[in-house]
Amino acid sequence: MKEVIISTEAVNSYGSRVLTDGIDLSQYERNPVLLWMHRRSWEPGAMPIGKVENLRVEDGKLIGTPVFDQNDDFAKRIESKWENGYLRMASAGLEPIETTPDPALVLPGQTRETVTRSKLVEVSIVDIGGNDEALQLYGQEGKLLKLAAGEDSPGLPLLQERKEADPEPANTGEGEENNNPKINLTKMTKEQLALLGLPETATEEQATAALNLMKGRADNAEQIQLAAVTQAVDQAVAERRILAEQRDHFIKLGKSAGVQMLRDTLSTMRPQQKPGEVINLGKQSAPGAGEAPKTYTKLSEVPEAERLELRKNNPGEYMRLFKEEYGMECPKLED
């Protein structure tokens with residue numbers, strides 16, 4: 001079984017970073033659940049797909065071995081993709097407990113405080129993370145933290161802008177360029193900065209970081225929806241609600257209409273039966289066809305209008321009735 005790096009101390013998709021030595025593993029080790037795409041029990045159809053074994057810290061990295069539930073068909077499909085290299089990323093679900101703005105712990109590109117103490121809540125296999133150090137952070141209520149770019153949060157505060165030692169220089173003449181980073185955002189309006197959740201005094205670096213963070217989250221949300229759509233379509237194929245050849249069509253439908261609309265549509269489609277499961281009913285014995293088929297004891301009881309059809313379509317029955325009528329074997333029937 002393949003091991004995986006679950007978390008490192010690099011800058012993550014939240015603009016923060018987590019110190020590995022400060023991660024509390026004790027609660028998680030009592031229930032080491034492995035999830036798919038951080039989907040929790042309150043989401044429809046979300047169940048653990050396995051567990052994590054041999055969890056440990058090495059060289060500032062949290063490492064473990066995913067073990068997949070062999071009694072769960074969906075988990076086995078994820079395991080196949082994992083073992084064959086089609087899925088390669090795991091992601092830690094962490095609850096921040098203590099953070100610090102200490103400049104000594106801040107790395108380039110970091111926009112939020114460093115998480116010095118945290119609690120591991122769950123580990124997930126994911127398709128595409130927000131970046132190479134993908135993780136999800138949970139608030140105290142157990143729900144994922146959803147922070148807008150530049151939005152402050154008690155659980156994961158923004159790094160405060162450092163004060164300038166010297167006063168801002170005033171423009172000395174018309175046409176002179178002011179290089180102060182606080183007002184270098186000449187192409188961004190106050191409204192645009194507000195939409196990014198940034199103050200009017202934001203620097204260009206802060207605005208770029210906020211835009212990159214928003215883009216990363218948008219890409220991540222699209223990938224999560226695609227994963228949910230693909231799972232719903234694959235389940236419908238497994239349940240024989242749709243044919244395997246229709247898979248791409250329904251994935252496109254789910255991407256445009258949304259996963260809930262797709263699920264509602266698939267739920268109205270009845271599973272197809274295999275040929276061996278279908279009961280072949282004759283025209284007269286089919287439900288709603290009317291009277292049950294008539295039975296005869298001898299040939300003379302068969303109406304003349306039906307006798308020729310009986311001879312042609314059911315020669316065995318014709319010969320039986322002939323023998324009952326005349327007490328002798330019926331001569332060989334000629335076409």
Side-chain angles (χ1 to χ4, degrees), residues 2 4-8 10-18 33-50 52 66 68 72 74-94 109 111-112 121-139 143-149 151 156 196 209-238 247-266:
K2 296 182 179 180
V4 64
I5 297 174
I6 299 169
S7 180
T8 75
V11 178
N12 54 55
S13 57
Y14 284 85
S16 176
R17 72 189 194 99
V18 178
V33 293
L34 180 67
L35 305 181
W36 166 244
M37 298 296 294
H38 298 286
R39 298 181 65 208
R40 302 291 298 279
S41 59
W42 51 75
E43 299 183 54
M47 292 290 289
I49 60 173
V52 176
F68 296 88
D72 186 312
F74 179 71
K76 290 168 70 175
R77 294 206 301 272
I78 299 301
E79 178 186 29
S80 174
K81 296 182 185 298
W82 177 262
E83 293 297 334
N84 288 289
Y86 296 105
L87 290 172
R88 303 170 121 186
M89 184 174 286
S91 175
L94 297 167
T111 59
R112 294 184 183 274
V121 177
E122 50 87 4
V123 176
S124 287
I125 299 296
V126 296
D127 52 5
I128 299 177
N131 58 22
D132 290 341
E133 314 300 337
L135 54 76
Q136 295 283 359
L137 297 180
Y138 291 91
K143 296 295 182 68
L144 285 175
L145 287 177
K146 297 182 179 179
L147 305 178
E151 176 186 353
L156 196 61
L196 290 173
L211 287 170
N212 288 335
L213 184 57
M214 289 182 69
K215 182 181 184 303
R217 288 189 177 171
D219 292 343
N220 195 37
E222 183 178 347
Q223 292 299 327
I224 290 174
Q225 174 163 317
L226 178 58
V229 166
T230 302
Q231 180 186 356
V233 172
D234 286 343
Q235 183 176 348
V237 172
R247 182 176 182 273
D248 290 345
H249 167 76
F250 279 93
I251 287 178
K252 290 180 181 178
L253 175 64
K255 289 169 67 175
S256 60
V259 65
Q260 190 57 53
M261 179 68 73
L262 174 67
R263 286 173 177 157
D264 292 343
T265 301
L266 293 174

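We count residues from 1, following the sequence as given. The structure displayed is predicted, hence computed values, not measured ones.
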Checklist entry - How many angstroms lie between CD1 in Ile49 and CD1 in Ile78, if you round to the nearest 0.5 Å? => result 5.5 Å
Item to check | From Ile6 atom CD1 to Glu122 atom CD, the distance as rounded to the nearest 0.5 Å | outcome: 10.5 Å
Next on the checklist: Testing the basics here: between Leu35 and Pro48, what is the closest heavy-atom pair and its distance to 0.1 Å?
Outcome noted: CD2-CA, 3.8 Å
Next on the checklist: Between Val18 and Asn12, does the side-chain contact (heavy atoms from CB on, under 4.5 Å) criterion hold? Intermediate values first, please.
Outcome noted: CA-CA 8 Å; Val18 178; Asn12 54 55; 4.2 Å; yes
Next on the checklist: Looking at every non-hydrogen atom in both residues, tell me the closest pair between Ala227 and Asp127 and how far apart they are.
Outcome noted: CB-OD2, 3.6 Å
Checklist entry - Is the backbone of Phe74 close enough, under 3.5 Å, to the side chain of Asp72 for a donor and an acceptor to pair up by distance? => result yes
Next on the checklist: Less than 4.5 Å apart, side chain to side chain, heavy atoms only: is that true for Val123 and Ser91?
Outcome noted: no
Checklist entry - Is there a donor in the side chain of Arg77 and an acceptor in the side chain of Gln231, or the other way round, less than 3.5 Å apart? => result no
Item to check | Check: Trp36 and Ser124 side chains under 4.5 Å, non-hydrogen atoms | outcome: no
Item to check | Ile251 CD1 to Leu262 CG distance, which is reported to the nearest 0.5 Å | outcome: 9.0 Å
Checklist entry - Looking only at atom types and distance, does a side-chain atom of Ser256 sit under 3.5 Å from a main-chain N or O of Lys252, one as donor and one as acceptor? => result yes
Checklist entry - Between the main-chain N or O of Glu83 and the side-chain N or O of Lys2, is there a donor-acceptor pair closer than 3.5 Å? => result yes
Item to check | From CA spacing to verdict: side-chain contact (heavy atoms from CB on, under 4.5 Å), Leu94, Val121 | outcome: CA-CA 5 Å; Leu94 297 167; Val121 177; over 6 Å; no
Checklist entry - Any side-chain heavy atom of Val237 within less than 4.5 Å of one from Phe250? => result no
Next on the checklist: Looking at every non-hydrogen atom in both residues, tell me the closest pair between Gly254 and Gln225 and how far apart they are.
Outcome noted: O-NE2, 3.9 Å
Checklist entry - So which heavy atom on Arg112 is nearest to which on Ser16, and how close? => result CB-CB, 3.9 Å
Next on the checklist: Rounded at 0.5 Å granularity, tell me how far CZ in Arg39 sits from CD1 in Ile224.
Outcome noted: 10.5 Å
Checklist entry - Would you call Val4 and Trp82 a side-chain contact if the rule is heavy atoms closer than 4.5 Å? => result yes
Checklist entry - Going by heavy atoms in the side chains, are Thr230 and Arg247 under 4.5 Å from each other? => result yes
Checklist entry - Between Ala232 and Leu266, which heavy-atom pair has the shortest distance, and what is it? => result O-CD1, 3.7 Å
